[in-house]
Q: 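Okay, handing you the structure first.
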Amino acid sequence: MKPIAFALFLAAVAAVAAADGFRVDLIHRDSPRSPLYDPSSTAFDRVRAAAERSALRPSRFARAGLAASGDTSIEAPVLPDISDYLMEVELGTPKYKVVAIVDTGSELIWANCKPCTRCYEQTPPLFDPEDSSTYRDIACDSRACKLLPSSVCISNSNCQYEYTYGDGSQVVGNLANETFTFTTTGSNTIAIPNITFGCTHQNRGIFSNRTSGLVGLAPRQLSLVSQLGSSIDSKFSYCLVPLSQTNATSKLVLGNGSGASGSDVLTTPLTIQDSFYYLTLNGISVGNTNISATSPTASGSPNIIIDSGTMLNILSPEMAYELGKAVKDIVDLPVANDPELSLYAACFHVKGSRDYKFPDITYNFEGAPLKLGPLNTFLEVSQDMVCLAASSAGELQIFGNIAQQNLHVEYDLGANQLSFAQVDCANF
Ligand SMILES: *[C@@H]1O[C@H](CO)[C@@H](O)[C@H](O)[C@H]1NC(C)=O
Ligand SMILES: *[C@@H]1O[C@H](CO)[C@@H](O)[C@H](O)[C@H]1NC(C)=O
Ligand SMILES: *[C@@H]1O[C@H](CO)[C@@H](O)[C@H](O)[C@H]1NC(C)=O
Ligand SMILES: *[C@@H]1O[C@H](CO)[C@@H](O)[C@H](O)[C@H]1NC(C)=O
Ligand SMILES: *[C@@H]1O[C@H](CO)[C@@H](O)[C@H](O)[C@H]1NC(C)=O
Ligand SMILES: *[C@@H]1O[C@H](CO)[C@@H](O)[C@H](O)[C@H]1NC(C)=O
């Protein structure tokens, strides 16, 4: 053992475990800091595109269900490019910046590496493992290699992965260990050695050429949160700023969160199922109406995925219908036709007036009645139309990121609990 390297490793882990966790910026893909930012698109264009992505994500989830029942050609559930947040991470020694998709719905961490033959043509230069003194290929007989859904042994007994997403998109490369450096609050950095990731040398399918990797946060062993494990107290959290606050940045916290505590924190059971984070939604209350979760997504059992990458709440057709009806009964505005072909559960004309009132909507999670105001439940989809940020466009229910704005959402994988605390995420 090299004593210096070992001491560095301990120092890094100790720093992570100390007091609070470390915070990194979560960049919304449509914010000015994102390489995907398109200044020529309007806020309404972005909402429309995100709504369309929301409608696509659950069908990827649904295909994951197929994979579980024997279709082994589909191994990783979600199409990564259909995720709303990005983060920057520096790989290797010397450090090399990667803009990565962040995905609570997928596992493998990967980055495109030199040489990338048969790859999409990415705008940023490729990470070159040969230039990094901390890069180590991982052997076929290693534990990490055996955790992969599909791998082969290549020259020098190195582990090569073939990772296929729900739509058939695929990344192929060498499983390796590398030092990851994260920029935390201010401009402090934290370097964590020996993170296992995929050094991708081939890919196909739908990826954005302005991103060069992915950080998986799903509850599976190769994801970042699982690898950091006890060094982050098996906890991570995020705080998403409202979409309209384009000058503020959302945060991802690896480790203990803000220390938000007291009666304002709601806690609900978190269930890991099919590699997703599931919550138990017993019903939704709006005004005097209580809508119960109905079969096949009945109350009392885990029935809704919590996801950072999907914008809308996706509900069963019955719940979406009942919620839309209850909201239409209360809101004193003309009902509008959904511009997105019945994607939204309800829409209203708001022409002329800006002082309209929308009701609070309470999502009754097991033990946690989460009361959400209009910021978390309605979207301005055009100049003169506001829609409920809920849809039935999918086979699985998802609690999406509009509903999670200005909440500190903490996943405690040790206690199998998820907590919500109302926070101003711009000042988090
Ligand atoms: C990475 O893991 C290897 C094998 O366990 C170990 O020899 C090495 O010291 C570790 N590197 C660092 C920087 O901790
Ligand atoms: C990257 O993608 C954009 C948008 O799809 C496209 O306009 C551009 O030509 C692509 N660049 C490269 C280098 O492929
Ligand atoms: C890779 O890192 C893991 C710890 O994350 C360690 O157990 C393993 O031995 C390392 N392998 C190599 C080849 O460095
Ligand atoms: C950021 O934007 C919000 C609203 O969009 C505004 O209230 C706030 O003052 C801005 N903050 C800064 C630092 O510009
Ligand atoms: C995490 O934060 C909570 C709330 O501030 C605190 O009670 C707990 O001791 C912290 N845990 C660790 C491991 O620092
Ligand atoms: C709706 O549910 C809430 C919480 O379970 C309860 O307090 C309230 O009385 C119910 N309202 C109606 C109209 O059933």
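These figures come from a predicted structure and were not determined experimentally. All ligand and atom numbering here is 1-based and tracks the order in the structure.
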Q: Start with the C-alpha distance between Asp25 and Arg33, add both sets of side-chain angles, then the distance that settles salt bridge (charged side-chain N to carboxylate O under 4.0 Å, His left out), and finish with yes or no.
A: CA-CA 10 Å; Asp25 288 349; Arg33 262 187 72 185; 2.7 Å; yes
Q: At less than 4.0 angstrom from any non-hydrogen atom of Asn194, what atoms of ligand 1 do you find?
A: 1 (C), 2 (O), 3 (C), 8 (C), 10 (C), 11 (N), 12 (C), 14 (O)
Q: Counting heavy atoms only, name the option from Ile195, Thr134, Asp137 that's nearest to atom 13 (C) of ligand 3.
A: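 It is Asp137 that holds the nearest heavy atom.
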Q: What's the spacing between Asn376 CG and Leu370 CG if we round to 0.5 Å?
A: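 It is 7.5 Å, given to the nearest 0.5 Å.
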Q: Any chance CZ of Phe358 has more than 12 other-residue heavy atoms, nucleotides or ligands included, within less than 6.0 Å?
A: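 Atom CZ in Phe358 is packed in, count exceeds 12.
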Q: In terms of relative ring orientation, are Phe399 and Phe365 parallel, tilted or perpendicular, with 30° and 60° separating the classes?
A: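 Judged by the thresholds at 30° and 60°, the geometry between Phe399 and Phe365 is perpendicular.
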Q: Can you confirm whether some protein heavy atom lies under 4.0 Å from atom 2 (O) of ligand 3, or whether none does?
A: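 It does: a protein heavy atom is found less than 4.0 Å away from atom 2 (O) of ligand 3.
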Q: Who's the nearest protein heavy-atom neighbour of atom 10 (C) of ligand 3, and how far?
A: Asn177 ND2, 2.4 Å
